[in-house]
Amino acid sequence: MAKEGFNSKMGAIAAAAGSAVGLGNIWRFPYVLGQNGGAAFLLIYVLFMMLIAMPVLISEFAIGRKAGLPVLGAFKTLAPGKKWYLIGFSGVLCAFVISSFYNVVSGWTMYYTYLSATGQLASLSEGEVAATFQQTSSDPVLCVIWMLVMLGLTGFVVARGVEKGIEQYSKVLMPVLLLLIVVVCIRAVSLDGASEGVAFLLSPDFSKLSPKAIFEALGQSFFSLSIGMGTMTTYGSYISKKQNLSSSAVSVAMIDFFIAFLAGLMIFPCAFAFGINPGQGPGLVFVTLPNIFNQMPMGQLVSVAFFFLLVVAALTSSISLLEVVVTFVRAQYGIRRKTSTFIACSLVAVFGVACSLSSTIFNFFDNFSANVLLPGGALFIVLFVPLVLGKKQMRDELEAHGGGFRLFEAYYFLTKYVVPFAISLIFIVNILSWMDIKIFD
Ligand code: TRP
């Protein structure tokens with residue numbers, strides 16, 4: 001089996017950013033922020049991105065590249081005879097769970113592309129926009145069909161292989177998406193009544209910060225960066241030794257955060273201007289944006305382009321999820337990429353149907369994967385760094401491109417002490433608050 005790798009430095013960053021930037025930024029981030037009170041959540045989120053998620057991302061890249069193998073093989077090779085490879089198994093499971101609801105949301109997005117292309121979203125009232133989403137998400141046949149279309153597309157790209165498939169698409173289309181988001185943002189903040197939405201995003205009210213909000217900010221930062229389950233470990237194994245891992249990780253995280261922030265800046269002014277509840281949950285993007293497109297010059301065109309590019313962003317992310325499963329099946333059973341893609345897609349389809357049929361399953365998968373599986377996985381990944389690799393090997397890997405990593409000491413300190421402690425603490429506090437045991441008030 002020839003080793004696959006990304007062609008260029010830009011290619012690797014673009015592909016990792018393509019994995020990170022997706023529905024997590026534009027669909028999930030605004031709805032979770034909306035449910036958790038706004039600006040204070042944003043602040044905690046930024047803090048978690050820098051102090052917790054970044055070290056995890058750097059660790060994943062380094063572990064993957066050091067081993068030169070996708071997640072399961074990476075942990076097996078670096079710690080032979082030990083149980084660390086279970087991280088890989090849990091990652092594969094997690095990829096299943098995320099893929100199954102992710103493709104449902106991608107399916108909605110694709111359906112919205114179709115609706116706007118055929119003019120069915122144009123000149124709807126706010127009530128009608130809300131009703132359209134209600135009908136969409138509660139129609140199981142519709143959800144299953146569009147989910148299967150998305151999954152099929154994902155499988156198609158993955159089956160063609162890493163270089164030919166992933167790199168090509170994400171490099172060109174993501175900058176276009178960014179441009180479009182900026183345009184919609186400008187329209188959003190100039191709406192009548194937008195300022196309340198801007199304040200919701202930017203002026204923190206710490207009284208709204210519950211243990212649940214902190215817990216969900218952590219989960220969202222992992223979900224958004226695609227960390228905690230081996231996706232980025234697998235991608236790390238495709239990155240060349242000549243590349244600076246820490247600066248790549250910083251670029252990916254900055255792009256990822258910036259797009260999520262802009263998504264907030266687009267959605268909340270719109271929500272407040274149209275009197276939409278920002279805390280209403282997973283439908284938020286779909287009930288806000290069509291209203292703003294209806295008030296823009298060339299709104300229909302913008303709408304089609306926006307939803308289409310969001311489909312592409314979702315695709316590059318779901319590719320990275322499926323990739324984890326496919327490399328697992330492939331390595332485990334020694335079968336061809338095409339066959340293993342087919343097997344993986346069939347399994348994901350079964351889970352996807354369950355999520356399409358039941359919003360309870362959908363919500364459970366969504367929350368459980370982001371808030372429990374990913375932080376849990378990340379905890380073991382960062383523990384692996386001091387317990388198995390140690391400082392010297394880590395430094396060598398991170399400096400393998402020939403340059404120094406100035407913040408190495410800070411990175412290592414965060415990874416060894418701060419991240420494991422913070423994740424454990426946030427878990428414990430949240431479990432206590434589930435059990436209704438109050439420790440803060
Ligand atoms: N980060 C992606 C998003 O924001 C979703 C995603 C892709 C993901 N691969 C992942 C999340 C791996 C967690 C783990 O849409």
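We count ligands from 1, going down the list as the structure has it; atoms in each ligand are counted the same way.
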Mind checking the [atom1]-[atom2] spacing from [X] to [Y]? Nearest 0.5 Å is all I need.
| X | Y | atom1 | atom2 | answer |
| --- | --- | --- | --- | --- |
| I58 | E397 | CD1 | CD | 12.5 Å |
| L373 | M229 | CG | CE | 10.0 Å |
| L148 | C345 | CG | SG | 10.0 Å |

Under the ring-ring contact (aromatic ring centres under 6.0 Å, His included) test, which residues partner [X], sequence neighbours left out?
| X | result |
| --- | --- |
| F413 | Y417 |
| F48 | none |
| F268 | F200 |

Under 3.5 Å: N or O atoms of ligand 1 paired with protein N or O:
from	atom 1	to	atom 2	distance (Å)
ligand 1	1 (N)	S19	O	3.3
ligand 1	1 (N)	A20	O	3.1
ligand 1	1 (N)	F223	O	2.7
ligand 1	1 (N)	S224	O	3.1
ligand 1	1 (N)	S226	OG	2.9
ligand 1	4 (O)	A20	O	2.8
ligand 1	4 (O)	G24	N	3.3
ligand 1	4 (O)	N25	OD1	3.4
ligand 1	9 (N)	S226	OG	3.3
ligand 1	9 (N)	S320	OG	3.1
ligand 1	15 (O)	L23	N	3.1
ligand 1	15 (O)	G24	N	2.7
ligand 1	15 (O)	Y102	OH	2.5

